[in-house]
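Sending over a structure as structure tokens; questions will come in a sec.
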Amino acid sequence: MEKNPQDGRKSPPHRELPPVVGLLLAMVLMNMLLYLCLDQFFISPRRSAGDPSHCPYGYFRMGQMKNCSPWLSCEELRTEVRQLKLVGEGAVKRVFLSEWKERKVALSRLTSLEMKDDFLHGLQMLKSLQSKHVVTLLGYCEDDNTILTEYHPLGPLSSLEKTLNLSKYRNVNTWQHRLQLATDYVGIINYLHHSPRGTLVMCDSSDLPKTLSQYLLTSNFSIVVNDLDALPLVNRSSGTFVKCGHRELHGDFVAPEQLWPYGEDMPFHDDLMPSYDEKIDIWKIPDVSSFLLGHVEGSDMVRFHLFDIHKACKSQTPAERPTAQDILDTYQKVLNSLRDTVVSQTREML
């Protein structure tokens, strides 16, 4: 039988890579993966595409819903929503954790007929201001004095420290995420000052706890404003300014122009109290931001970079304070600059 000429050939010897070469290749691959992940690591999780502004007026989408659904009617609220338990109560409304089509939702009910005007004002604001900055409206019934909104289990912004101290959230308890929250907050103020309804002032903000209670922390760690019952309109062209409530305000959290200007010798009288504009919101931004930044590693560095803009916010003269847009631009610039610096330093260490 004839031999195959290839049978007699010797196969080339198998060469194994030296262990050092394999180790170097593994390190190169690991560094490449780290480079790809760094930018993602230093960017805060953002809100999902379930933004009410992606739906036409009168429709909503939340969570995993793929399509926009019309706001629920009185009949649908009565028959499809199951009230579970009380989770919050204020002067205007009580809020109940409820269920709609196996989804957790928040059902607000008017506390008393005396507060109906404020309740309806809040509803009108919710309807007209739907955006990524505002809690999602799901439906309402004026006959029953009820409003249905998206439920955010992490609760009001005042619970931020308690939430971030939980073990499952400690990975987001960083200056990067906290500065992004502060940027979200300023973004909301800027939106209200340039809203579809005009320049709106956040009047339910006489102290820090009250201010924080107006906002909710979402599951992907962004902020939405929830309570819109006290949003008066500033209209400079018509000379319309605002006064937040009819009682005397005290303390250094409120802006100087919100304090009774005539001294202790003259009793407070609402008719004599001068009105003011949206710059009262600007005065409060440094205090809210300081709470949001907390005392984690790097937060003092952020405060240092925001010192000048925050100093300007505290000007005794309202007209000299920056606009919300000026502050938002500064926050975003500081966030990007510090994040890029940290990413660069981390890459140099690899």
### Message
What I'd like to find out is whether the side chain of Leu137 reaches to under 4.5 Å of the side chain of Trp71, using heavy atoms alone.
### Response
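Contact flag for Leu137/Trp71 side chains = yes.
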### Task
Would you please test Gln258 and Trp283 for side chain to side chain contact (heavy atoms under 4.5 Å, CB included) and show each step?
CA-CA 11 Å; Gln258 291 185 268; Trp283 172 275; over 6 Å; no
### Interatomic distance, Leu129 atom CG to Leu200 atom CG [nearest 0.5 angstrom]
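Separation between the atoms: 6.0 Å.
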### Query
Rounded to the nearest 0.5 Å, how far apart are CG of Asp300 and NE2 of His305?
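The NE2 atom of His305 is 11.5 Å from CG of Asp300, to the nearest 0.5 Å.
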### Message
Under a 4.0 Å threshold between the charged nitrogen and the carboxylate oxygen, would Glu257 count as salt-bridged to Arg321?
### Response
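Yes, this pair counts.
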### Query
Does a donor on one side chain sit under 3.5 Å from an acceptor on the other, for Thr174 and Gln176?
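Checked: Thr174/Gln176 side chains pair up, N/O donor to acceptor below 3.5 Å.
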### pair Asp277-Val242: side-chain heavy atoms closer than 4.5 Å
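No - every pair of side-chain heavy atoms lies 4.5 Å or more apart.
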### Query
Cluster question for you: counting only ILVMFWY and a side-chain heavy-atom cut-off of under 4.5 Å, with indirect links fine, are Leu233 and Phe119 together?
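Linked within one cluster.
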### Spacing of Gln325 atom CD and Tyr191 atom OH [to the nearest 0.5 Å]
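One gets 14.0 Å once the value is rounded to the nearest 0.5 Å.
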#### Entry: Aromatic ring proximity, centroids under 6.0 angstrom, Tyr331 and His310
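Yes, ring centres under 6.0 Å apart.
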### Query
Rounded to the nearest 0.5 Å, what separation is found between the CD1 atom of Ile282 and the CD1 atom of Ile189?
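If we round to the nearest 0.5 Å, Ile282:CD1 and Ile189:CD1 are 7.5 Å apart.
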### Query
How long is the gap from CG on Asn145 to OG1 on Thr111, to the nearest 0.5 Å?
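It is 10.0 Å, given to the nearest 0.5 Å.
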### Query
Are Trp175 and Ile285 connected in the hydrophobic side-chain network, where two residues link if heavy atoms are under 4.5 Å apart?
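Yes, Trp175 and Ile285 fall within the same hydrophobic cluster.
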### Query
Can you list the steps and then say if Leu179 with Val334 is a side chain to side chain contact (heavy atoms under 4.5 Å, CB included)?
CA-CA 9 Å; Leu179 178 53; Val334 169; 4.2 Å; yes
### Query
What about Phe221 and Tyr169, are their ring centers closer than 6.0 Å?
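When the ring centroids of Phe221 and Tyr169 are compared, they turn out to be within the sub-6.0 Å range.
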### Query
Judged by modelled atom types alone, do Asp229 and His121 share a side-chain donor-acceptor pair under 3.5 Å?
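The answer is no; no qualifying pair exists.
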### Message
Does any part of the side chain of Leu292, heavy atoms only, come nearer than 4.5 Å to the side chain of Arg178, both counted from C-beta?
### Response
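No, their side chains stay 4.5 Å or more apart.
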### Message
Within the structure provided, determine whether Thr136 and Gln130 are in side-chain contact (heavy-atom separation under 4.5 Å).
### Response
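Yes, at least one pair of side-chain atoms sits under 4.5 Å.
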### Message
I'd like to know if the side chain of Ser159 pairs up with that of Thr163 as donor and acceptor (distance under 3.5 Å, no hydrogens or angles considered).
### Response
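Looking only at side-chain atoms, Thr163 and Ser159 do not form any donor-acceptor pair under 3.5 Å.
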### Task
Check whether more than 12 heavy atoms from other residues, nucleotides or ligands sit under 6.0 Å from atom CZ of Phe307, and answer yes or no.
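No.
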### Query
Can you find a pair of side-chain heavy atoms, one from Val135 and one from Leu126, that are under 4.5 Å apart?
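SC-SC contact between Val135 and Leu126 confirmed.
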### Query
Take atom CG in Leu113; do more than 12 heavy atoms of anything else shown fall under 6.0 Å from it?
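No - once you tally the heavy atoms of other residues, nucleotides and ligands closer than 6.0 Å, there are 12 at most.
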Using atom types as modelled, flag every donor-acceptor pair under 3.5 Å from a side chain in residues 95-104 to any protein atom, sequence neighbours excluded.
unit_1, atom_1, unit_2, atom_2, d
Ser98, OG, Phe96, O, 3.3
Glu99, OE1, Arg82, NH2, 2.7
Trp100, NE1, Glu80, OE1, 2.9

### Task
Would you check, one step at a time, whether the test salt bridge (charged side-chain N to carboxylate O under 4.0 Å, His left out) holds for Lys314 with Asp252?
CA-CA 10 Å; Lys314 292 295 188 178; Asp252 55 8; over 6 Å; no
### Message
Does any part of the side chain of Pro261, heavy atoms only, come nearer than 4.5 Å to the side chain of Pro274, both counted from C-beta?
### Response
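Answer yes - side chains close enough.
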### Task
Could you verify whether a donor N or O on one side chain and an acceptor N or O on the other, from His194 and Asn190, lie under 3.5 Å apart?
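Yes.
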### Pairwise side-chain contact, Leu148 with Val81, heavy-atom cut-off 4.5 Å (strictly under)
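Yes, side chains in contact.
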### Query
Which heavy atom of Leu110 sits nearest a heavy atom of Arg94, and at what distance?
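Between these two residues, the closest heavy atoms are O-NH1, 4.5 Å.
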### Query
Which is it for Arg339 and Asn336 under the side-chain hydrogen bond (donor to acceptor under 3.5 Å, both in side chains) test, yes or no, and what are the steps along the way?
CA-CA 5 Å; Arg339 189 169 57 201; Asn336 292 338; 2.8 Å; yes
### Query
Salt bridge between Asp144 and Arg109, side-chain N to carboxylate O under 4.0 Å?
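No, no charged N to carboxylate O under 4.0 Å.
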### Query
Heavy-atom distance under 4.5 Å between the side chains of Pro196 and Ser128, does that happen here?
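Side chain of Pro196 against side chain of Ser128, heavy atoms only: no contact under 4.5 Å found.
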### Message
Under 3.5 Å, is there a donor on one side chain and an acceptor on the other for Ser73 and Glu76?
### Response
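Judged by distance alone, the side chains do pair up.
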### Task
Run the salt-bridge test on Lys93 and Asp227 with the 4.0 Å N-O cut-off and return the result as yes or no.
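Here Lys93 pairs with Asp227 in a salt bridge, since their nearest N and O are under 4.0 Å apart.
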### Task
Determine whether Leu157 and Leu166 fall in the same hydrophobic cluster, where Ile, Leu, Val, Met, Phe, Trp and Tyr are linked whenever their side-chain heavy atoms lie under 4.5 Å apart.
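Yes, it is one cluster - the side chains of Leu157 and Leu166 are joined through contacts under 4.5 Å.
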### Task
Check whether more than 12 heavy atoms from other residues, nucleotides or ligands sit under 6.0 Å from atom CZ of Phe291, and answer yes or no.
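Check passes, neighbour count above 12.
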### ILVMFWY network linking Leu154 to Leu84, side-chain heavy atoms under 4.5 angstrom
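No, Leu154 does not connect to Leu84 through the hydrophobic network.
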#### Entry: Crowding at OH, Tyr57 (>12 non-hydrogen neighbours, <6.0 Å)
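Above 12, so yes.
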### Query
Between Lys284 and Glu278, does at least one N-O distance fall below 4.0 Å, as a salt bridge requires?
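Glu278 and Lys284: not salt-bridged.
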#### Entry: Leu72 CG to Ser69 OG distance, which is reported to the nearest 0.5 Å
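Answer for the CG-OG pair, Leu72 versus Ser69, is 6.0 Å.
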